[in-house]
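Since the structure comes first, as structure tokens, the remarks are kept for the end.
Atom set for the values below is all heavy atoms of this structure, side chains included, hydrogens, waters and symmetry mates excluded.
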Amino acid sequence: PLEYMKFVVDKKDLLQALELATRFVSRNSTLPILENVAIVGKIDTLELKATDMNKFINITLPANIESEGAVTVNAKMLFDAVRVTDTDEIIME
């Protein structure tokens, strides 16, 4: 069976990291991947990576990683989705 990355992280920590990461993604790029943030879950750390090809950021924050993995997601859409949730913890799979 295919196993997906799954993690639990504090909403406040994730929002702060995403707010910073979205400053490093490209706006209106011809390469849509540059509008994304890369999320990597390893052991007990969540890494967020973003770039516009001129500047780069790599943010690490503590998280409960239930299944390791990596994915890229549109940074602005993810930030907006996390911002409007009404829980203290974010569970993503």
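Partners of D80 according to the side-chain contact (heavy atoms from CB on, under 4.5 Å) rule, which considers only residues two or more places apart in sequence or in another chain, are K76, R83. Under the rule for a side-chain contact (heavy atoms from CB on, under 4.5 Å), the partners of T87 that lie at least two apart in sequence or sit in another chain are T85, I90. Legend: residues meeting salt bridge (charged side-chain N to carboxylate O under 4.0 Å, His left out) with E66, ordered by chain and number and at least two apart, are K6. When the side-chain contact (heavy atoms from CB on, under 4.5 Å) test is applied to T72, the partners found at least two apart in sequence or on another chain are I33, N36, A38. For K12, there are no salt bridge (charged side-chain N to carboxylate O under 4.0 Å, His left out) partners, not counting sequence neighbours. Contacts of E68 classified as salt bridge (charged side-chain N to carboxylate O under 4.0 Å, His left out), with partners at least two apart in sequence or in another chain: none.
When hydrophobic clusters are built by joining Ile, Leu, Val, Met, Phe, Trp and Tyr residues whose side-chain heavy atoms come closer than 4.5 Å, directly or via intermediates, L14 is grouped together with L20. The hydrophobic cluster containing L18 does not contain L34, counting ILVMFWY residues as joined when their side-chain heavy atoms lie under 4.5 angstrom apart, directly or transitively. By the criterion of side-chain heavy atoms lying less than 4.5 angstrom apart, applied directly or through intervening Ile, Leu, Val, Met, Phe, Trp or Tyr residues, I91 is not grouped with V9; the two fall into different hydrophobic clusters. Side-chain heavy atoms closer than 4.5 Å link hydrophobic residues (I, L, V, M, F, W, Y) into clusters, and following such links, possibly through other members, connects V37 to V71. I57 and V40 are assigned to two separate hydrophobic clusters, defined by single-linkage of ILVMFWY side chains at heavy-atom distances under 4.5 Å.
Smallest separation of non-hydrogen atoms from A21 and A50: O-CB, 3.6 Å. Nearest heavy atoms, A63 versus L46: CB-CB, 3.9 Å.
Between the CD atom of E35 and the OG1 atom of T22 there is a distance of 12.5 Å, given to the nearest 0.5 Å.
Under the 4.5 Å side-chain criterion, counting only non-hydrogen atoms from C-beta, V8 is not in contact with I65. Side-chain contact check for L78 versus I39: some heavy-atom pair is nearer than 4.5 Å. Side-chain contact between N64 and D44 is absent, with no heavy atoms from C-beta onward closer than 4.5 Å.
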Open item on the list: One pair to check against side chain to side chain contact (heavy atoms under 4.5 Å, CB included): T45 and L61. What are the steps and the verdict?
Closed with: CA-CA 6 Å; T45 303; L61 55 147; over 6 Å; no

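The hydrophobic cluster of V84 has no other members, since no ILVMFWY side-chain heavy atom comes under 4.5 Å of it.
For residues 19-29, no residue pair satisfies the salt bridge (Lys or Arg N to Asp or Glu O under 4.0 Å) rule, not counting sequence neighbours. Annotation: side chain to side chain donor-acceptor pair (under 3.5 Å) contacts involving residues 48-62, sequence neighbours excluded, comprise E47-N58, D52-K55.
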